[in-house]
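Please read the structure below before turning to the comments.
Order of the sequence lines sets the chain letters (A, B, ...), proteins ahead of strands, with each chain counted from 1.
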2 protein chains.
Amino acid sequence: MEVRPLRRDAAANRERVLSAAADVFHERGLAAGLDDVARRAGVGVATVYRRFPSREALLEALLADLFDAYTAVADAALAQPDGTGLASYVRTASEVQATPRGCALRLWSSPALEPRRELLHQRMEALLGDAKAHGTCRDDVTVDDLVGMFVALRGVRESLTATAALDWRRHLELCLAGLRPAS
Amino acid sequence: MEVRPLRRDAAANRERVLSAAADVFHERGLAAGLDDVARRAGVGVATVYRRFPSREALLEALLADLFDAYTAVADAALAQPDGTGLASYVRTASEVQATPRGCALRLWSSPALEPRRELLHQRMEALLGDAKAHGTCRDDVTVDDLVGMFVALRGVRESLTATAALDWRRHLELCLAGLRPAS
DNA sequence: CCCGAAGTGGAGGAAGTCCTCCGCATGTGG
DNA sequence: CCACATGCGGAGGACTTCCTCCACTTCGGG
């Protein structure tokens, strides 16, 4: 498993591809052509395929970043263990998800990312525990419920179809209200 | 605007296409080929295109059915004006949406369906009014919030990606909890 | 029963996407 | 500074999907 590092220019190109992919997928959906991604990155198609053998590999790389960002947000929220961390984590993480890189969320359960997902899972568990201990969250809420919220929010955001005054932040607050203990 | 009715066999084919389209889109997503729809319906491609000039027209026809179903559910819920109608409407409508025809929901705000959408809007308004009057729903909830819920639920349902113990019914209950007045 | 209007199927051209191949360019260790 | 491993671009073949066209079939009113 000796992997020598990429040549410096190649590494830079890799980043440009990732960033372009996030933008393109964000704008035109996950089905957008990789040729478009290449053009946007100012790079040949071959470069995209050389670095990321498949569309999935590309998305996984984006998702890895996203997981890292989530985890960082969760750590920050855990720093103030007064029961408000959970809500602030959910709100901030949702903002991160609204970013172009958030498009990768659809791959959530990719097997290749199990380790990072597990890490994030632990943080969410901790946040839930803290919130429950302070009585700011119902006892029966699970990490999967939180995951469901993020997935749901992505759905709302991607559906801003013309007419709709559909605001994902509004749905977010509805969910947060649902997490709090009844009376 | 004289439109003579379809010949009997043509009308039957139209229904078969609609039903096949619902199944195919449900299984393979809205991007599935219309050729597949035709094959599934046991009909030539030309028949699909003759009856529905575009993929959108096809989806609109499906959505029209869906709106009618929603409206019927809402009417049933309104029959018992004891404050519980809203919740039972949301639950039942969600089940309808889990049906293959529910795949059309993505088109929600198609201009062509304004009249039906308006009809449904009125019913939801009434359900909300009843629930608020009985104190089973927060005063600040709007019809758009409900629409947001349905869109969110579609997102969760379509994301059942392998791993996930993601259950849309669970997210539904979370939302319903969020609708109720705080303490 | 008959005949014209209405409907039908599937071939096939246009367009888009995927991904590989290979001759040329460029960074880097010695 | 040089050699060569590493990386690069874009042409192009295989494939998929879209949608039209037209010769043939079927329905149904008189």
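Nucleic acid contact class of B:D35 (heavy atoms, under 4.0 Å, all strands): base. In this structure, A:A46 reaches the bases: a heavy-atom distance under 4.0 Å links it to at least one base atom across the strands shown. Residue contacts for B:R14: at a heavy-atom cut-off of 4.0 Å it reaches no nucleic acid atom on any strand shown.
Side-chain contact check for B:Y70 versus B:V96: some heavy-atom pair is nearer than 4.5 Å.
Counting to the nearest Å, the C1' atom of C:dT20 and the CG atom of A:L34 are 14 Å from each other. In this entry the distance linking CZ of A:R50 with P of D:dG10 reads 12 Å, nearest Å. Counting to the nearest Å, the C1' atom of D:dC21 and the OH atom of B:Y49 are 14 Å from each other. If you take CG of B:D36 and P of C:dG10, they are 15 Å apart, rounded to a whole angstrom. Counting to the nearest Å, the P atom of D:dC8 and the CZ atom of A:F52 are 11 Å from each other. The distance from atom CG of A:L58 to atom C1' of C:dC19 is 14 Å, rounded to the nearest whole Å. For A:L6 and C:dT26, the CG to C1' distance is 15 Å, given to the nearest whole Å.
For the OP1/OP2 pair of D:dG28 and a distance below 4.0 Å, the side-chain nitrogens and oxygens of B:R8 include at least one atom meeting the criterion. Phosphate proximity of D:dC8 to A:R51: present, with a side-chain N or O under 4.0 Å from OP1 or OP2. Residue B:N13 has no polar side-chain atom (N or O) positioned under 4.0 Å from OP1 or OP2 of C:dG7.
With hydrogens and angles left out, the side-chain atoms of B:T84 and B:D82 include a donor and acceptor closer than 3.5 Å.
Side-chain proximity of A:D9 to D:dC18, C:dG27, D:dT26: nearest is C:dG27. Taking every side-chain heavy atom of A:V45 into account, D:dG10 is the closest of D:dG7, C:dA11, D:dG10.
Annotation: of the two residues near DNA chain D, B:R7 and B:R55, the 5′-most nearest-nucleotide partner is B:R55.
The number of heavy atoms from other shown groups lying within 6.0 Å of CD (B:E95) is above 12.
Between B:F150 and B:W108, the angle of the ring planes stays under 30°, which puts this pair in the parallel group of the 30/60° scheme.
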Given the rule in the side chain to side chain contact (heavy atoms under 4.5 Å, CB included) test, do A:R40 and A:D36 qualify, once you have shown the distances and angles that lead to the verdict? CA-CA 6 Å; A:R40 171 86 62 122; A:D36 286 341; over 6 Å; no

